[in-house]
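Computed from heavy atoms alone, side chains included, the values below leave out hydrogens, waters and symmetry copies.
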Amino acid sequence: MLDIQLFRNDLNDVAKRLTKRGFALDSEKFVKLEAERKTIQSRTQELQAKRNSSSKLIGQAKAKGEDVSVIMADIANLGDELKQLEAKLESVQQALNGFLSDIPNMPHESVPEGKSETDNVEVRRIGKIPSFSFEVKDHVSLGETLGGLDFETAAKISGARFSLLRGPLARLHRALAQFMLDTHTEQHGYIETYVPYLVNAASMRGTGQLPKFEDDLFRVPRMMGEEGEKNFYLIPTAEVPVTNMVRDEIVALEQLPMKFVAHTPCFRSEAGSAGRDTRGMIRQHQFDKVELVQILHPEQSYAGLEELLSHAEAILNKLELPYRVVKLCSGDMGFSAAMTYDIEVWLPAQNTYREISSCSNFEAFQARRMQARFRNSQGKTELLHTLNGSGLAVGRTLVAVLENNQQPDGSVRIPEVLRKYMGGMECLMR
RNA sequence: GGAAGAGUGGCCGAGCGGUUUAAGGCACUGGUCUUGAAAACCAGCGAUGGGAAACCAUCCGUGAGUUCGAAUCUCACCUCUUCCGCCA
């Protein structure tokens, strides 16, 4: 959520900056709602003040044993009017809040302008693209050759967009996650966390998945009371539970920066992705990811983003996978982000780079929704900044490892750093 | 699932219809004292919204209700603690 003060102070500027990311702000609606809010709020508060002072007078008069009927008569009808006004104010404030909740974050000044991913800017390419003297196989056929990558059984058990791993491939998947966690905790200073995979609606609102993107989520009904929040949601990323650790908290300055890493499954409905990446395990309803989250002082957030990006890159470097870093243009960024770098890994079978990590600075956008604050050096509360990035998507990393390390006979060389997690195995073969 | 108890500012904790304008303490900030520090003493110190400011409003787990007036009374729900049952 953006700061409502920005809208009050310079609506045109906000509208202009949002246009950059392809969002058309309904300025008129804001002006109207805000004017309504102001009128109703001041009238409401006026009546509340009158009620308060009259009630106090009654109390004092009664204590002295005086007659209170005159004061009582004076405010006889106040209650009804107040009740109506309070209800009205509540609904206007909700409308205003809903209006703000649907507005995406504003891109940082340095974000390149653009409409789609074709306008993204390549920052650097690292690693040498492997050349093969034979026809390269994609991970699906490599899985067939090796055995242990089974989409048919997964489809039987669950449906499309699920995968099932067996044997050494399943172990390699686990090895990747272990390796990532160990690297981030031992070398990059992150605290390992284990978090819930089912979260409430408030958490989803906090990080920006709700109210706008409910279709992307799996909702788990909860048969409980008549009222209240009856649903759990499966997390689409560990960003949600981890970032929400600071929701409704005021943390001490000394606790910053906070750096957390979590390995979790991620669940996405992939609504609207029909027909995209249907082959293989590139786009699944369920996949594992090691996620990096940083909670920071506002002045440190952009340095933090570069650092976090380098942590994700370190994994690719150690795995000897070629990749490139791309800075997303204004039109391609996610709803809550102010700046995003994507890391794309080289996939030989597709002869292209594919996203394997996305690292974003949300500035105070999520923190404002979450009321996540710290006490600054003046002792005042101030909103935190939040960052997160994949470090990395485990399934896609598995795909990249398989495809980039394939041998003419269909076997796969295991990268040096993973071997200790594979019981010393150097090669996957049938 | 059953029973009992409890949720109050950054933390602890009093308050159970009207000087609560949320006591008191801890922590924190400033000051006095001191070579410096500690201690002691003095003062300040919650959050959110509105307002240029004075100031006003809201907030005592959440939501409804009763009342001129609710932290306080009523109802529902949530969370936590203890005990019982079940269970990986």
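Only the C1' atoms considered, B/rC45 is 11 Å distant from B/rG9, to the nearest whole Å. As rounded to the nearest Å, B/rG31 and B/rU19 have C1' atoms that lie 31 Å from one another. Rounded to a whole angstrom, the distance from the C1' atom of B/rG13 to that of B/rG30 is 26 Å. To the nearest whole angstrom, the two P atoms, one in B/rG46 and one in B/rG25, are 15 Å apart. Look at the C1' atom in both B/rA22 and B/rC12: the space between them is 15 Å, to the nearest Å. Remark: the separation of the C1' atoms in B/rG51 and B/rA40 is 43 Å, to the nearest Å. Across the P atoms, B/rG2 and B/rC86 are found 15 Å apart, a figure rounded to whole Å. Comparing the same atom, C1', in B/rG24 and in B/rG15 gives a spacing of 11 Å after rounding to whole Å.
With rounding to whole Å, A/R375 atom CZ is found 14 Å from B/rC45 atom P. In this structure, the CZ atom of A/R368 is 14 Å from the C1' atom of B/rU48, given to the nearest Å. As a whole-Å value, the separation of A/Q255 CD from B/rC11 P is 12 Å. At whole-Å resolution of the value, CD in A/E46 and C1' in B/rG51 are 14 Å apart. Between the CG atom of A/L57 and the P atom of B/rU19 there is a distance of 12 Å, rounded to whole Å. The nearest whole Å value for the distance from the CD atom in A/Q94 to the P atom in B/rG49 is 17 Å. Look at CD1 on A/I40: it is 18 Å from C1' on B/rC56, rounded to the nearest Å. To the nearest angstrom, P of B/rC56 lies 13 Å from CD of A/Q48.
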Identify each atom pair where a protein N or O and an N or O of nucleotides 64-71 of chain B are less than 3.5 Å apart, giving names and distance.
residue : atom : partner : partner atom : Å
B/rC68  : O2'  : A/S55   : OG           : 3.3
B/rG69  : O4'  : A/S55   : OG           : 2.9

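Taking the six-membered ring where the residue is Trp, A/H297 and A/F374 present tilted rings, their angle falling between 30° and 60°.
When Watson-Crick and G-U wobble pairs are counted only if both distances are under 3.5 Å, B/rC73 pairs with B/rG65. A 3.5 Å limit on both hydrogen-bonding distances identifies no Watson-Crick or G-U partner for B/rC87. Pair assignment for B/rA37: none, as no Watson-Crick or G-U wobble contacts are both less than 3.5 Å. When both distances must be under 3.5 Å, the Watson-Crick or G-U wobble mate of B/rA6 is B/rU79. Within the shown strands, B/rG46 is the pairing partner of B/rC59 under the Watson-Crick or G-U definition, both distances less than 3.5 Å. Across all strands shown, B/rA53 remains unpaired; no Watson-Crick or G-U wobble contact has both distances below 3.5 Å.
Sequence order on RNA chain B of the closest nucleotides to A/S53 and A/Q371 puts A/Q371 first from the 5' end. Mapping A/K380 and A/K50 onto RNA chain B via the closest heavy atom, the residue that lands nearer the 5' end is A/K380.
A/E86 comes within 4.0 angstrom of no nucleic acid atom, judged by non-hydrogen atoms across all strands. Note on A/R43: nothing from the nucleic acid sits closer than 4.0 angstrom, heavy atoms only. Residue-level contact check: A/T381 touches the backbone only, with heavy atoms under 4.0 Å from sugar-phosphate atoms and none from bases.
Regarding contacts with the backbone of B/rC56, every side-chain N or O of A/N52 stays at 4.0 angstrom or more from both OP1 and OP2. For B/rG51, one of the phosphate oxygens OP1 or OP2 lies less than 4.0 angstrom from a side-chain nitrogen or oxygen of A/K38.
Judged as a ring-ring contact (aromatic ring centres under 6.0 Å, His included), and not counting sequence neighbours, A/F23 has no contacts. The ring-ring contact (aromatic ring centres under 6.0 Å, His included) test applied to A/Y421 returns no partner, not counting sequence neighbours.
No option in A/D342, A/T397, A/L347, A/V399 other than A/T397 meets the side chain to side chain contact (heavy atoms under 4.5 Å, CB included) test with A/I356.
A/E34 is not listed as a side-chain neighbour of A/F7, based on a closest heavy-atom distance of 4.5 Å or more. Contact annotation: the side chain of A/E81 approaches that of A/R43 to within less than 4.5 Å [non-hydrogen atoms, C-beta and beyond].
For the atom pair CZ (A/R354) and CG (A/D277), the distance works out to 4.0 Å, reported to the nearest 0.5 Å.
Residues A/Q366 and A/T243 have side chains that never bring a donor and an acceptor to within less than 3.5 angstrom of each other.
Closest to the side chain of A/Q41, out of B/rU58, B/rG49, B/rA47, is B/rG49.
Checked by atom type and distance alone, the side chain of A/E320 never pairs as donor or acceptor with a backbone atom of A/N317 at under 3.5 Å.
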